[in-house]
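Both backbone and side-chain heavy atoms feed into the values below; hydrogens, waters and symmetry mates do not. A, B, ... follow the sequence lines: proteins, then strands. Residue 1 opens every chain.
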Amino acid sequence: MTTATDLALGSESAAVGKPRRPRGPRQHYAKVGLTPLWLLTPAGLVIVALVGAPIVYLIITSFTDSNAFTLNTGQFNWVGLKQYTTTFANVDFWWALVRTVLFTAAMVGGSVLIGMAVAQMLTRLGTVIRYIVTVVLILAWAMPNVASSQVWKWLFEPGFGVINWLVTQTHLFGNTLDVNWPQNSSLAFLCIWLLIVWQAVPFIALTVYAAQTQVSPDYVEAARLDGASEWRIYWSVMLPFLRPTVMLMTILSIIWDFNVFNQIWLISQGGPNDATNTLGVYTYTQAFVSNNFGGGAAISIITTILLMLFTSFYIRSLLRSGEDL
Amino acid sequence: MTTSVPGLTYVSPLRRRKRRPWLISIVAILFCIVWIFPVYWMVNTSFKPISDVLTTTPLFFPTHFTFDNYSAAVGQTDFLQNLANSVVVVVGTVLVSTLLAFFACAALTRFRFRGRRTIMVIILAVQMLPTVALLVPTFLVFGDLDLRNTLFGLVVAYVASVLPFSIWVMRGFFLGVPVEIEEAARMDGANNWRILWSVLFPLVAPGVISTSIFAFITAWNEYIVAYTFLSDQTNYTLPIWLASFSTPRTGTDFGGQMAASVLFSLPVVIFFLIIQRKLVSGIAAGAVKG
């Protein structure tokens, strides 16, 4: 943040052109020269002190055996790469990783596909119904996830939960009234998947819909005059326009879903038998339940690097695009 | 639970009338019923007396309307105490993060200097860090600084997590303000400080409001940091209150729990309805350009 040495007043519109070398008489920018520095300092200090420093501290911690004892006495030992080798040798870690990747793929796939379908549906609705659908979407989106997790537990409650009752009414699976979703390996996942997708679809649908309204209907008309089928029009005409938006939604969903914690923690606590124990939950239990801070730190760093690898191509395309940041 | 849209097709308004508009409308209505159901069930349960909550055949419409669950949730728990804690934390986070984001955006958009691009990339990358990853070091450091079990410590942690996104969103509003206005003010002899407050601030006010609401929602909803940091029940914020909700009634009090969920969600839902359009366009404009 303190590299802001070569300062000059922005005389051209900030949205156009590349950063250019400042020109003009020296005393001109000596007068205003330090303004951006002190404007940036408070925010910079907060980010450096509360994001930068903790990352450094996290890396240091991952090379120690910090645990509950350290918490009380402040004493710890340097153990080198032991936390990393222990983590990589631990089969629980690999299962958590596989689970997280599969969960993320299922959640991202589900929410992006349903979101796109809903966006397409919105373009075909009359004003009144579209308004109603929008309000419904916002209500689902706006629910704080602690509250929605509570609602979910009540919906899927064994004995008196309404979902079990509804499933029983379909007569497809027999009497399911007493099924305990969070205590069944695959149903716990389905239950959490439904919650995440339910809350993720609105943002994706509204954003893709906003992008769709920007596409000129002329293209669609032209394709239709040429005899293209409706599916073909969506695939070959609409989708290329939507690609940047859909890409962005996918990347954001990957980041968010990879890091999902609250819903899993509140509904199943990673259980039963670790069936929903994703990397986030695994890290949390290592660090704050077993008080193995060194191990938790090592897993955190591995997770962060993995996430960065998953999303690096997006960051790189942002950098390469030459957008004037 | 899935929603099927038969034929993902775009139909121009002219043609729509000739085709079957009722079909897609029926699909839309079914979608709404499925999607709103959890919210409806929460509200429905919250107004039922205990005897109507636990029934073998669920009651889909409230027959004995009552506010008992709400009075239990407010009166028989630590609601008021925890609400006060939440308000303190939220107000602190909103004020500090918005002010810092405002200054930072002024520097990042109105001035050109070396390293500006790097700063924006860092701000973008920071948003990808898993919360749990930052939780380990902040937990240890805040413990050393005696900040862990305090509301002040919570504000500090929340400002750090909100700030990058606030800068990202507010920046878009700053970019929309023409530089000429600023230059005109400078010609008239206004100094930087004066330009910042009397010229820029009113022009980016919508951005300030959006950013504040975003910070409000994040701080109001945040669970895991508060859950890990706070050990005294008197310091609990509302998300912890809701997650560990219990009333003196016997068994799990689902009616009270749903009433508590409604109380907790209401402010956020209201603000979401206000800010929704700006959040969608703000995020999209900030990142789609690439």
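- If you tally non-hydrogen atom pairs under 4.5 Å between each of B:Leu140, B:Val159, B:Val141 and chain A, the highest count goes to B:Leu140.
- Proximity of A:Leu279 to A:Phe258: side-chain heavy atoms (C-beta onward) are separated by under 4.5 Å at one or more points.
- For B:Thr57, the parts lying near chain A are the backbone and the side chain together; criterion is any non-hydrogen pair under 4.5 Å.
- Using a 4.5 Å cut-off between heavy atoms, B:Phe142 contacts chain A through its side chain alone, with no backbone atom that close.
- A distance below 6.0 Å separates the ring centres of A:Phe293 and B:Phe139.
- Heavy atoms of B:Phe60 lying under 4.5 Å from chain A belong exclusively to its side chain.
- Residue contact with chain B, scored on non-hydrogen atoms closer than 4.5 Å, involves the side chain of A:Leu166 exclusively.
- For the options B:Phe254, B:Phe174, B:Phe103, heavy-atom pairs under 4.5 Å to chain A are most numerous at B:Phe254.
- Taking each heavy atom of A:Val281 and A:Phe261 in turn, the nearest pair found is CA-CE1, 3.9 Å.
- When the candidates B:Thr118, B:Thr55, B:Ile29, B:Val96 are compared by the number of heavy-atom contacts under 4.5 Å with chain A, B:Thr55 comes out ahead.
- Heavy-atom pairs under 4.5 Å with chain A peak, among B:Ile240, B:Ile224, B:Val268, at B:Ile224.
- Side-chain contact between B:Ile217 and B:Phe272 is present, with at least one heavy-atom pair separated by less than 4.5 Å.
- Looking at every heavy atom in both residues, B:Pro137 comes nearest to B:Ala133 through CD-O, 3.1 Å.
- For A:Glu157, the part lying under 4.5 angstrom from a heavy atom of chain B is the side chain only.
- With chain B as the partner, the residue from A:Val135, A:Val56, A:Val46 showing the most heavy-atom pairs under 4.5 Å is A:Val46.
- Partners of B:Ser265 under the side chain to side chain contact (heavy atoms under 4.5 Å, CB included) rule, at least two apart in sequence or in another chain, are A:Met143, A:Pro144, A:Ala147, B:Val269.
- Both the backbone and the side chain of A:Tyr284 come within less than 4.5 Å of a heavy atom of chain B.
- Taking 4.5 Å as the limit, every side-chain heavy atom of A:Arg130 sits out of range of all side-chain heavy atoms of A:Arg124.
- Of the two parts of B:Leu99, neither the backbone nor the side chain holds a non-hydrogen atom closer than 4.5 Å to a non-hydrogen atom of chain A.
- Nearest heavy atom pair, residue A:Ala43 against residue B:Ala104, reads CB-CB, 3.7 Å.
- Inter-residue side-chain proximity for A:Val151 and B:Gln257 is flagged as unmet; no heavy-atom pair is nearer than 4.5 Å.
- Heavy-atom distances place both the backbone and the side chain of A:Leu58 under 4.5 Å from chain B.
- Proximity to chain A is absent for every atom of B:Phe271, based on heavy atoms less than 4.5 angstrom apart.
- Side chains of A:Val162 and B:Thr45 form no contact here, defined as non-hydrogen atoms less than 4.5 Å apart.
- Using a 4.5 Å cut-off between heavy atoms, B:Val177 does not touch chain A at all.
- Applying side chain to side chain contact (heavy atoms under 4.5 Å, CB included) to A:Trp152 and the options A:Ile163, A:Asn145, A:Leu194 leaves one that passes, A:Leu194.
- Taking each heavy atom of A:Trp141 and A:Pro202 in turn, the nearest pair found is CB-CB, 3.6 Å.
- Of the listed residues A:Tyr57, A:Trp154, A:Phe160, the one with more heavy-atom pairs under 4.5 angstrom with chain B than any other is A:Trp154.
- When each of A:Leu266, A:Ile138, A:Leu139 is scored by its heavy-atom pairs under 4.5 Å with chain B, the top score falls to A:Ile138.
- Only the side chain of A:Trp265 comes within contact range of chain B, with at least one heavy atom under 4.5 Å from a heavy atom of that chain.
- Heavy-atom distances place the side chain of A:Phe288, and not its backbone, under 4.5 Å from chain B.
- Both the backbone and the side chain of A:Trp198 come within less than 4.5 Å of a heavy atom in chain B.
- For the pair A:Val220 and A:Val237, the tightest heavy-atom approach, listed with the atom from each and the gap, is N-CG1, 4.3 Å.
- For B:Asp144, the part lying near chain A is the side chain, with the backbone staying farther off; criterion is any non-hydrogen pair under 4.5 Å.
- Heavy atoms of B:Leu163 lying under 4.5 Å from chain A belong exclusively to its side chain.
- Of all heavy-atom pairs between A:Trp193 and A:Gly110, the closest is CZ2-CA, 3.9 Å.
- Using a 4.5 Å cut-off between heavy atoms, B:Val262 makes no contact with chain A at all.
- Ranked by heavy-atom pairs shorter than 4.5 Å toward chain B, the options A:Leu177, A:Thr283, A:Ile132, A:Val133 are led by A:Val133.
- The choice from B:Val53, B:Ile270, B:Leu266, B:Val132 that makes the most heavy-atom pairs within less than 4.5 Å of chain A is B:Val132.
- Ranking A:Ile129, A:Asn262, A:Ile251 against chain B, the residue ahead of the rest is A:Asn262, based on heavy-atom pairs under 4.5 Å.
- Across B:Leu134, B:Val39, B:Asn221, the residue that shares the most heavy-atom pairs under 4.5 angstrom with chain A is B:Asn221.
- Between A:Met121 and A:Tyr209 there is no side-chain heavy-atom pair separated by less than 4.5 Å.
- No hydrogens or angles considered: a donor-acceptor pair under 3.5 Å links the side chains of B:Glu222 and B:Tyr158.
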